[in-house]
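Everything below concerns the one structure shown next.
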Protein chains: 2
Amino acid sequence: MHQHLIDNISHLIRMSEEEKEWISSKFIAKQFNKGDYFLREGQICREVGFIESGLVRYVITKENGEELTTSFNKELEYTCNYESFLDHSPTKASIQCIEPSVILTISYDDLQALYTHVKEGEKFGRLACEYQYVLAIRQLGSLYKQDPEQRYLQFLETYPDLVQRLPQYYISSFVGVKPPSLSRIRKRLAK
Amino acid sequence: MHQHLIDNISHLIRMSEEEKEWISSKFIAKQFNKGDYFLREGQICREVGFIESGLVRYVITKENGEELTTSFNKELEYTCNYESFLDHSPTKASIQCIEPSVILTISYDDLQALYTHVKEGEKFGRLACEYQYVLAIRQLGSLYKQDPEQRYLQFLETYPDLVQRLPQYYISSFVGVKPPSLSRIRKRLAK
DNA sequence: CCCGTTCGTTCACCCAGGTTAATAAATCAT
DNA sequence: ATGATTTATTAACCTGGGTGAACGAACGGG
């Protein structure tokens, strides 16, 4: 039984013991090394991952080949490219492990089965999605109304544990600037 | 019976005639003049709106009081501040009507009732949320990887009908620049 | 039809971040 | 440890958008 996963779902819905077993059986643990891809650009995202341990980044690539890191997911969070997962279109983003990670994965078909087979399955799907949606909206608001310095400060506040686990250039990308600029921001703040 | 609304929901789930009647009865039509607010910053968002006719903008305010328009919703689309709606926190955004609008509204409690009372209610909630989530992710990706000129071009492509219905300074805000800058972009593109 | 207001464009100047490249610091493997 | 590689900082120069203000065009109410 994937206890962390079941605990997580328990926060959203009630499940019988049988349902817990059933759900747990549909998730398969996969090991990833640092640098491995959970999902590669151009592939079709066919599974949702629950990160048992580790850390991943969400990567999009500009036409010039430059990679941008637009979000992070760590242990006890879900990771997926929903845009591709939902309509089976090729992803325009990759998901790469920044640390060795163990990710519990459930396939598209099994997740649909979960929605129907588990009594409150649909509700779980709705609540999980609502949560992801709110996170996306917050990030959007931040990009519109905060300047890079404010976003960097907020990053430090929101993800204090990630600062030590991430190279600076992933953070600068997330914040929306290039490494030299984040250096300048840090220098300004040092005073 | 709110036919446009029911048609819209029919694309997502199956409903009996009784369910259609029941759902329809929970939505109340409200009239708004141009400039009226569907939701004001600081209020708690207690309802989801389905825009029968009209056009609204989603507005966030910077500390200096400057208003930023970050998205639009038009007829046959939903509008809501989910961040506030879901946890009953005060909104950090407003929703303002740009045109005279008729918005069908359902209260938080009635929507929760819809989820349980209608057979595929939860599924409707999940699918509607998934759709909104994907839109938010796309906008995020656009902000990260496109420059203002590309975003403006994409706006023209994605919302050709809105160009005539919106003042330039809402578009410039959505694109992420100030009006003088959008003028420069338009001038560059004119060649 | 006219006047007042709002809206879009343009100009001049400024500045934060981009770019390129060099250097320094930290990390890693052997 | 030590040398190689990766990452972070710094410097000099460039550029596109911000700012404030002026002007002209479009719009709406009376």
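Letters A, B, ... mirror the listed sequences (proteins, then strands); counts begin at 1.
A:L166 places a side-chain heavy atom less than 4.5 Å from the side chain of A:L55. A 4.5 Å side-chain heavy-atom check between A:I23 and A:K20 finds every atom pair outside the cut-off. Between A:L114 and A:W22, the closest side-chain pair of non-hydrogen atoms falls below 4.5 Å.
Residue A:L68 contributes atom CG, which lies 14 Å from atom C1' of C:dG18 at whole-angstrom precision. The CD1-P distance, from B:I171 to C:dG8, rounds to 8 Å in whole Å. In this structure, A:K187 atom NZ and C:dG17 atom P are separated by 15 Å, rounded to whole Å. In this structure, B:K145 places its NZ atom 20 Å from C1' of C:dG18, rounding to the nearest Å. Atom OH of B:Y170 and atom P of C:dC7 are 7 Å apart (whole Å). We find that CD1 of A:I185 is positioned 15 Å from P of D:dA8, with the value rounded to whole Å. Here the C1' atom of nucleotide D:dG17 and the CG atom of B:L143 are 16 Å apart, to the nearest Å. If you take CG of B:L182 and P of C:dC7, they are 15 Å apart, rounded to a whole angstrom.
The side chain of B:R186 places no N or O atom within less than 4.0 Å of a non-bridging phosphate oxygen (OP1 or OP2) of C:dG8. Neither OP1 nor OP2 of C:dT6 sits under 4.0 Å from any side-chain N or O of B:Q168.
Here the side chain of B:P179 is nearest to one of C:dG18, C:dT9, D:dG18, namely C:dT9. The nucleotide whose nearest atom lies closest to any side-chain atom of B:Y169 is, among D:dG17, C:dT10, C:dC7, C:dC7. In this structure, of C:dG18, C:dT9, D:dG18, it is D:dG18 that holds the atom nearest to the side chain of B:K178. Residue B:S183 places its side chain closer to C:dG8 than to any other of D:dG17, D:dT9, C:dG8.
Between B:R188 and B:K34, it is B:R188 whose nearest contact on DNA chain D lies nearer the 5' terminus.
Here A:P148 lies in heavy-atom contact (under 4.0 Å) with sugar-phosphate atoms only.
At a threshold of 4.0 Å, the pair B:R138-A:E83 counts as salt-bridged, since one of the basic side-chain nitrogens sits closer than that to a carboxylate oxygen. Using a cutoff of 4.0 Å between basic side-chain nitrogens and carboxylate oxygens, A:R126 and A:E130 are scored as salt-bridged.
A:R184 contributes a side-chain N or O that forms a donor-acceptor pair with the base of C:dG18 under 3.5 Å.
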